[in-house]
Colleague: 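Here you go, one structure.
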Amino acid sequence: MKHQKQNSGNERPERSATAVAHANIALIKYWGKRSLSRNLPAVGSISMTVDSLKTETEVSFEDTLEQDHFELNGKKVKGPARERVSSFLDLIRPTERETYAEVVSTNNFPTGAGLASSASGFAALTLAASRAAGQHLKKKDLSRVARQGSGSAARSVYGGLVEMKRGATPDGKGDYAETLADEDYWDLRLVVVLTAEDGKEVGSTQGMIHTAETSPFYSKWIDEQPADLEAMRQAIVQKNFEKLGELTERSCFKMHGLMMAAQPSLLYWNPTTVMVVQKVRELRSQGIPAYITMDAGPQVKILCLPAWIDNIKQALSTINSIKKLWICKPGPAAEIISREKEKA
Ligand code: PMV
């Protein structure tokens, strides 16, 4: 845990804050960047924040530190992962002088395995660091900052169903997320199926660049996204579950189709991934409305309504190679955890 600094009388009080943020899973996917330096998405996206997967992060700016320290799940992090956190903190740290931070973070789920740990991670880091730096940012601004750490993190600032907008200008002013419906609007479920515990092979940024450069379907993907987003907004307004599911599954396969058509091909799936996909199709042919989505990793997420959870669990129990399941509900927005709450 964080080492405690002795506070002598004339020292400034420690500037510290702790935030929690939940992962989100995209229903209409984000894949592709229009600017690498500002991390601007090439397309908008729509996601559901999930209640069961979360990151808790404490940030303390301390004048005595000579560099940033980053601890994740009880282990000191060095190398590129620490550098990534450190350059992100440059966007936030108090500017009156160089001030380094101690960052202590915990994920309650596997990191970097296609389960959106960068989304919850950078959303929690943005909120905790900005508050520790004395800033009280509006959600829109938090979202813009979080986006620069990881595109999907912009969405984890909010709970429920969220839209990330693709802006029109190169400064990224219009590239932020907004809430479409809060977590109480629609009692949906996402069954998150862990098919492998190892980290993903190709990170999302690298994968996006590679796809944009070599996939013959990339321009079609970009062109069709506004219509997919509009259809999804309507499905949400109408609470049309079948439409929601169909659009979700289609967006997922469009994205993976793009990746597979890249040269060399980008394939994130393993045999268990395919078994789960086939099982969900089988369920659907029996009249059970369940739809899949997958990200830059081999894990499968199954979108359904609460009434079908038992049938889905039963069907998945026949696949022995599944490592773990989470049954997720729409989750809450990122928030600061007060000291009082922490102690309780
Ligand atoms: O936020 P990033 O850079 O890790 O990209 C996320 C990409 C996907 O998870 C595959 C899709 C998405 O919209 O979350």
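Atoms within a ligand are numbered from 1 in the order they appear, just like the ligands themselves.
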Colleague: Mind checking what makes side-chain hydrogen bond (donor to acceptor under 3.5 Å, both in side chains) contact with R189, not counting sequence neighbours?
Modeller: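 So R189 forms a side-chain hydrogen bond (donor to acceptor under 3.5 Å, both in side chains) with D187.
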Colleague: A26 heavy atoms, cut-off 4.0 Å: which ligand 1 atoms fall inside?
Modeller: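 Heavy-atom distances to A26 below 4.0 Å select 12 (C), 13 (O), 14 (O).
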Colleague: Relative to ligand 1, is S152 under 4.0 angstrom through side chain, backbone, both or neither, heavy atoms considered?
Modeller: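 Looking at S152 and ligand 1, atoms from backbone and side chain both fall under 4.0 Å.
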Colleague: Identify, by atom number and element, the atoms of ligand 1 in contact range of M255, meaning under 4.0 Å from any of its heavy atoms.
Modeller: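 Matching atoms, with element in brackets: 10 (C).
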Colleague: Under 4.0 Å between a side-chain nitrogen and a carboxylate oxygen: does that hold for D295 and K301?
Modeller: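 Judged by the 4.0 Å cut-off on N to carboxylate O distance, D295 and K301 do form a salt bridge.
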Colleague: Flag the pair R250 and E246 as a salt bridge only when some basic side-chain nitrogen lies within less than 4.0 angstrom of an acidic carboxylate oxygen.
Modeller: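 Salt bridge between R250 and E246, a charged N being under 4.0 Å from a carboxylate O: no.
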Colleague: With K138 as the cation and Y176 as the aromatic partner, state whether NZ or CZ is under 6.0 Å from the six-membered ring centre and within 45° of the axis.
Modeller: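 No - K138 does not lie over the ring of Y176 by the 6.0 Å and 45° rule.
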Colleague: With a 3.5 Å distance limit and no angle check, can you tell me whether Y158 reaches the backbone of A177 through a side-chain donor-acceptor pair?
Modeller: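 Flag set: sc Y158 to bb A177 pair under 3.5 Å.
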Colleague: Check each atom of ligand 1 against the heavy atoms of R155 and keep those under 4.0 Å away; list them by number with element.
Modeller: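 The atoms of ligand 1 under 4.0 Å from a heavy atom of R155 are 12 (C), 13 (O), 14 (O).
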Colleague: For ligand 1, is there an N or O atom under 3.5 Å from any N or O atom of K33?
Modeller: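 K33 vs ligand 1: no N/O contact under 3.5 Å.
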Colleague: Does ligand 1 come near enough to D295 that some N or O of the ligand is less than 3.5 Å from an N or O of the residue?
Modeller: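 D295 vs ligand 1: N/O contact under 3.5 Å present.
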Colleague: May I ask you to decide if N39's main-chain N or O and R147's side chain share a donor-acceptor pair within less than 3.5 Å?
Modeller: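 Yes, R147 side chain to N39 backbone: donor-acceptor pair under 3.5 Å.
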Colleague: State which residues pass side chain to side chain contact (heavy atoms under 4.5 Å, CB included) with S117; sequence neighbours excluded, sorted by chain then number.
Modeller: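 N107, F109, T111.
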Colleague: Give yes or no for whether the N/O distance cutoff of 3.5 Å, strictly under, is met between Y30 and ligand 1.
Modeller: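 Checking ligand 1 against Y30, an N or O pair does fall under 3.5 Å apart.
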Colleague: Evaluate whether atom NZ of K239 has more than 12 neighbouring non-hydrogen atoms of other residues, nucleotides or ligands under 6.0 angstrom away.
Modeller: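 Yes, NZ of K239 has more than 12 neighbouring heavy atoms, counting only those of other groups under 6.0 Å.
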Colleague: Side chain, backbone, both or neither: which applies to R147 and ligand 1 if a contact is any heavy-atom pair less than 4.0 Å apart?
Modeller: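 Near ligand 1, R147 shows nothing, with every heavy atom at 4.0 Å or more.
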Colleague: Could you say whether the N/O atoms of S150 and ligand 1 ever approach to under 3.5 Å?
Modeller: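 In this structure, S150 places an N or O atom under 3.5 Å from an N or O of ligand 1.
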Colleague: Which ligand 1 atoms are under 4.0 Å away from a heavy-atom of W31?
Modeller: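 Those atoms are 10 (C).
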Colleague: Side chain or backbone, does S204 bring an N or O within less than 3.5 Å of an N or O on ligand 1?
Modeller: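 Yes.
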Colleague: Tell me whether K140 is salt-bridged to E178, with the criterion being a basic N under 4.0 Å from an acidic carboxylate O.
Modeller: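 No, K140 and E178 are not salt-bridged.
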Colleague: May I ask whether A296 places a heavy atom under 4.0 Å from ligand 1?
Modeller: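 Checking ligand 1 against A296, which is what was asked, there is a heavy-atom contact under 4.0 Å.
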Colleague: Has S118 got any heavy atom lying under 4.0 angstrom from an atom of ligand 1?
Modeller: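 Distance cut 4.0 Å: S118 passes for ligand 1.
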